[in-house]
Amino acid sequence: MVVVILGILAAILVPKVMDRPDQARMTKARQDIRALEAALNLYKLDNYVYPGTDQGLEALIEKPSSPEPPNWKDGGYVDRLPLDPWKQPYQFLSPGAHGSIDIYSLGPDQQPSDDDIGNWHLQ
């Protein structure tokens, strides 16, 4: 009887516990995207435009050479670019399909799909 009860409890609790890592990864991705968006907004305040897609998020840590931003902040806007929770670089489009800039992770499947996490979901 005890084994049956433990089996039932495991069947109920294990899926709830196993779902937490995915939630934590999604939360981390959202936080990273917010931080990158804030850094890009500071970049735009200083330089009047966002970096282009070809300059990428790297423009936040290293001064772009072409076109050169007029008021790029010495030391950059972030210390380093984070990887998404699935160990991939965040994606960046400027102009974006969803707004003036798109910052996003392709999510767990690493393919463009409905599970992408982007700044357009955070508004």
Side-chain angles (χ1 to χ4, degrees):
M1 188 62 150
V2 171
V3 173
V4 172
I5 292 172
L6 289 175
I8 292 170
L9 285 174
I12 293 170
L13 295 177
V14 168
K16 291 183 181 185
V17 171
M18 297 303 286
D19 190 39
R20 294 285 186 202
D22 290 337
Q23 272 185 312
R25 287 183 190 100
M26 299 291 234
T27 299
K28 182 192 182 310
R30 287 184 194 102
Q31 290 171 344
D32 286 350
I33 289 167
R34 282 187 183 105
L36 289 169
E37 187 173 38
L40 284 162
N41 286 335
L42 289 174
Y43 180 102
K44 183 180 179 186
L45 276 173
D46 288 347
N47 300 291
Y48 315 112
V49 295
Y50 290 112
T53 299
D54 57 322
Q55 294 170 320
L57 293 172
E58 291 77 20
L60 296 174
I61 57 171
E62 193 171 304
K63 187 176 184 178
S65 58
S66 176
E68 189 172 312
N71 299 311
W72 194 82
K73 181 180 140 195
D74 285 336
Y77 295 87
V78 294
D79 293 332
R80 63 180 173 76
L81 293 176
L83 294 176
D84 74 12
W86 300 275
K87 306 295 184 221
Q88 299 299 314
Y90 284 98
Q91 307 297 306
F92 174 70
L93 294 173
S94 175
H98 300 279
S100 55
I101 55 169
D102 288 353
I103 312 157
Y104 60 100
S105 164
L106 293 172
D109 66 0
Q110 294 303 302
Q111 300 292 322
S113 62
D114 291 342
D115 71 350
D116 295 356
I117 305 158
N119 62 323
W120 58 90
H121 292 300
L122 306 177
Q123 306 303 336

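We count residues from 1, following the sequence as given.
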Q) Rounded to the nearest 0.5 Å, how far apart are CD of Gln55 and CG of Leu60? A) 10.5 Å
Q: Could you please spell out the steps behind the side-chain contact (heavy atoms from CB on, under 4.5 Å) verdict for Ile103 and Asp32?
A: CA-CA 10 Å; Ile103 312 157; Asp32 286 350; over 6 Å; no
Q: Taking all non-hydrogen atoms of both residues into account, name the closest pair between Lys73 and Asp46 and its distance.
A: CB-OD2, 4.0 Å
Q) Judged by atom type as modelled, is there a donor-acceptor pair below 3.5 Å linking the side chain of Thr53 to the main-chain atoms of Ser94? A) yes
Q: Before giving the answer on side-chain contact (heavy atoms from CB on, under 4.5 Å), spell out for Asp84 and Gln110 the whole-Å C-alpha distance, their side-chain angles and the decisive distance to 0.1 Å.
A: CA-CA 10 Å; Asp84 74 12; Gln110 294 303 302; 3.8 Å; yes
**Q.** ILVMFWY cluster, Val49 and Leu40 together (side-chain gap under 4.5 Å)
**A.** no
Q.
Rounded at 0.5 Å granularity, tell me how far OH in Tyr104 sits from CG in Asp116.
A. 7.5 Å
Q: Give, for atom CD of Gln111 and atom CG of Asp114, the distance between the pair rounded to the nearest 0.5 Å.
A: 13.0 Å
**Q.** Heavy-atom pair of closest approach, residues Phe92 and Gly52
**A.** CE2-O, 3.6 Å
Q) Can you name the closest pair of heavy atoms from Lys63 and Trp72 and give their distance? A) N-CZ2, 3.4 Å
Q | Heavy-atom check, side chain of Gln91 versus side chain of Asp102, under 4.5 Å | A | no
Q: Step by step, work out the side-chain contact (heavy atoms from CB on, under 4.5 Å) result for Trp86 and Leu106.
A: CA-CA 9 Å; Trp86 300 275; Leu106 293 172; over 6 Å; no
Q: Work out which heavy atom in Pro108 is nearest to a heavy atom in Asp115; give both atom names and the distance.
A: CD-OD2, 3.3 Å
(Q) Within a 6.0 Å radius of atom CD on Glu62, are there more than 12 heavy atoms belonging to other residues, nucleotides or ligands? (A) no
Q. Distance from Ile33 atom CD1 to Tyr90 atom OH, nearest 0.5 Å?
A. 5.5 Å
Q: Establish whether Leu45 and Ile101 are linked, either directly or via other cluster members, by ILVMFWY side-chain heavy-atom contacts under 4.5 Å.
A: yes
Q) What pair of heavy atoms forms the shortest contact from Ala59 to Tyr43, and how long is it? A) O-CE1, 3.8 Å
Q.
For Asp79, I'd like to know if atom CG has over 12 heavy atoms of other residues, nucleotides or ligands within 6.0 Å.
A. no
(Q) Starting from Leu83, can I reach Leu81 by hopping between I/L/V/M/F/W/Y residues whose side chains sit under 4.5 Å apart? (A) no
Q.
Within this structure, what is the CD-NZ distance for the pair Gln31 and Lys28, rounded to the nearest 0.5 Å?
A. 8.0 Å
Q: Working to the nearest 0.5 Å, report the span between CZ of Arg30 and NE2 of His121.
A: 8.5 Å
